Amino acid sequence: MATVLILGFVEEAEAWELRSPQFPSKVGGKPAWLGYRDVPSLPGLECDICQLPMVFLLQVYAPISGQERSFHRALFLFCCKTPECYSRNDGSCMKVFRSQLPRVNDFYPFDPPGSDNDQVVLPVTGVKLCWVCGCPGNKACSRCHNITYCSKHHQTLHWKHSHKKACGSQEASNDAASLILFPEFELATEPEERDVEQEEDESSHVCGSGVLLVYLYTPLPVVTHSALAEVDLEQMATHETQDSKVFQRFRRRTAAEPDQVLRYSRAGCPLWVSSQHVPSDHDIPSCTCGAKRSFEFQVMPQLLNSLRVDSTGASIDWGTLAVYSCSVSCNTEGYCREFLWKQDFSSEQQL
């Protein structure tokens, strides 16, 4: 039986529709936190490469039917905005967290939210959030004490761009946030429609926990030194053929919906952009509870078009971002760190 696959697309939305009580899936802006216990904060939200605070990229609301502890469930993805940190083909510049709540909880009413702005009531949390990025922050402005920040970095940025003039007044400008945060959109979803050819293409590949394409793991022959040059050329040709097959499959699967920015298929398979840097089962660490992690969703390179990160030099970039989460979605009081695998395009590939 085929796994249902959901596609995500960016759409404009009213600001109130993207707040926590509406349980949104969204891109950019500030995170709409689900739970408010042990919310991720610095240094846990620092880039592992440059140690600067990361910013919110997107969140996916993904409750699990029939599992009471996951009646409300969301995954939050953060990334670094330093372009140089993306030169490495790994996920050190990104982090993903899972939050979940039962239907009866301390933050939201039992009944579903209404579809009216007037009915939106933000949960009472007691958590101070950074004025710039929306992450937890207890560093208050030393003059007005009305604005808090997650870090000296964001406090300085806000001060230079607007707060120096507005400090102490009733109005607080959020201009600095626009320099840090990504543009905000709703993540609208719909099932992927697949034709017979796509089904046959999928069935011809083997997929486990991050493993696709059996022919990628065919061992290379043992050779003598005298035959090395000949075998190197043969290996190069084989590699180019394999990489081309994987990339062409990626293009075929996305051609019908070229604007998709997310593919969701819990316990399904990622759609890789390259035959290089594909994880094996051993590369995906188990959850802290001991259960294995399985694939849940991937972020597509098309999202970069909506983030306004293009530049002539180094830039934020990826081929695809595959997120793996606890296969049993274990109980967590706060936010559980999950696993992300970043795969880049090979140097020969272009969308």
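Keep in mind the model is a prediction, meaning the values are calculated, not measured. Side chains included, hydrogens not; waters and symmetry mates left out as well; all remaining heavy atoms used.
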Q: Tell me who clusters with I49, hydrophobic residues only, linked when side chains sit under 4.5 Å apart either directly or through other members.
A: none
Q: Could you tell me which residues satisfy side chain to side chain contact (heavy atoms under 4.5 Å, CB included) with S329, sequence neighbours excluded, listed by chain and number?
A: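 I64, Q67, S70, R73, R98, Q100, R266.
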Q: Only counting residues at least two apart or in another chain, list the ones meeting side chain to side chain contact (heavy atoms under 4.5 Å, CB included) with D283.
A: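 Per chain and number, D283 pairs via side chain to side chain contact (heavy atoms under 4.5 Å, CB included) with P279, S280, W341.
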Q: If the condition is salt bridge (charged side-chain N to carboxylate O under 4.0 Å, His left out), which residues does R337 pass it with, not counting sequence neighbours?
A: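 Listed in chain order: nothing, the list is empty.
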Q: If the condition is salt bridge (charged side-chain N to carboxylate O under 4.0 Å, His left out), which residues does K81 pass it with, not counting sequence neighbours?
A: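 For K81 there are no salt bridge (charged side-chain N to carboxylate O under 4.0 Å, His left out) partners, ignoring immediate neighbours.
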Q: Go through it in stages, so that I can follow the logic: the residues are S92 and D90, the test is side chain to side chain donor-acceptor pair (under 3.5 Å), and I'd like the CA-CA distance, side-chain angles, deciding distance and then a yes or no.
A: CA-CA 6 Å; S92 300; D90 63 34; 3.1 Å; yes
Q: Mind jotting down which residue pairs meet the salt bridge (Lys or Arg N to Asp or Glu O under 4.0 Å) criterion with at least one end in residues 40-53? Sequence neighbours excluded, please.
A: D48-K95
Q: Output all residues satisfying ring pair (Phe, Tyr, Trp, His ring centres under 6.0 Å) with F182, sequence neighbours left out; order by chain, then residue number.
A: none
Q: Charged N to carboxylate O under 4.0 angstrom, E192 versus R253?
A: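 R253 and E192: salt-bridged.
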Q: Honestly curious: do L77 and L52 fall in one hydrophobic cluster under the side-chain, below-4.5 Å linking rule?
A: no
Q: Can you name the nearest heavy-atom pair linking P191 to I6, along with the distance?
A: CA-CD1, 4.0 Å
Q: What closest approach, in Å, do F345 and P301 show between heavy atoms, and which atom pair accounts for it?
A: CZ-CG, 3.8 Å
Q: Under 3.5 Å, side chain of W131 to main-chain N/O of G137, donor-acceptor pair present?
A: no
Q: With sequence neighbours excluded, what pairs up with F71 under the ring pair (Phe, Tyr, Trp, His ring centres under 6.0 Å) test?
A: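 Testing F71 for ring pair (Phe, Tyr, Trp, His ring centres under 6.0 Å), a comparison that skips the adjacent residues, returns none.
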Q: So, for W33 and F76, is the gap between ring centers shorter than 6.0 Å?
A: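 Under 6.0 Å, so yes.
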Q: Output, in order, the C-alpha distance, side-chain angles, deciding distance and verdict of side chain to side chain donor-acceptor pair (under 3.5 Å) for T320 and Q343.
A: CA-CA 5 Å; T320 194; Q343 185 194 50; over 6 Å; no
Q: According to salt bridge (charged side-chain N to carboxylate O under 4.0 Å, His left out), who are the partners of R143, at least two apart in sequence or on a separate chain?
A: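 Scan of R143 (salt bridge (charged side-chain N to carboxylate O under 4.0 Å, His left out), adjacent residues dropped) gives none.
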Q: Parallel, tilted or perpendicular: which describes the rings of Y61 and F23, with under 30° parallel and over 60° perpendicular?
A: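 Parallel.
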Q: Is any side-chain N of the basic residue among R88 and D344 closer than 4.0 Å to the acidic one's carboxylate O?
A: no
Q: Could you check whether any side-chain N or O of H72 sits under 3.5 Å from a backbone N or O of P102, counting only pairs where one atom can act as donor and the other as acceptor?
A: no
Q: Over all heavy atoms of both residues, which pair between V273 and G319 is shortest? Give the atoms and the distance, please.
A: CG1-O, 3.7 Å
Q: With sequence neighbours left out, what residues match E257 under side chain to side chain contact (heavy atoms under 4.5 Å, CB included)?
A: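 Applying side chain to side chain contact (heavy atoms under 4.5 Å, CB included) to E257 gives L7, F9, E190, Q260.
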Q: Does a donor on one side chain sit under 3.5 Å from an acceptor on the other, for Y149 and T156?
A: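 No, T156 and Y149 have no side-chain donor paired with an acceptor closer than 3.5 Å.
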Q: SG/C150 to CG/N138 distance, rounded to the nearest 0.5 angstrom?
A: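 These two atoms lie 10.5 Å from each other.
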Q: Do the rings of H163 and H158 sit parallel, tilted or perpendicular, given the 30° and 60° boundaries?
A: parallel
Q: Could I get the full list of ring pair (Phe, Tyr, Trp, His ring centres under 6.0 Å) partners for Y264, not counting sequence neighbours?
A: none
Q: With sequence neighbours excluded, what pairs up with E12 under the side chain to side chain contact (heavy atoms under 4.5 Å, CB included) test?
A: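 Listed in chain order: F185.
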Q: Any Lys/Arg nitrogen of R293 or E338 sitting under 4.0 Å from an Asp/Glu carboxylate oxygen of the other?
A: yes
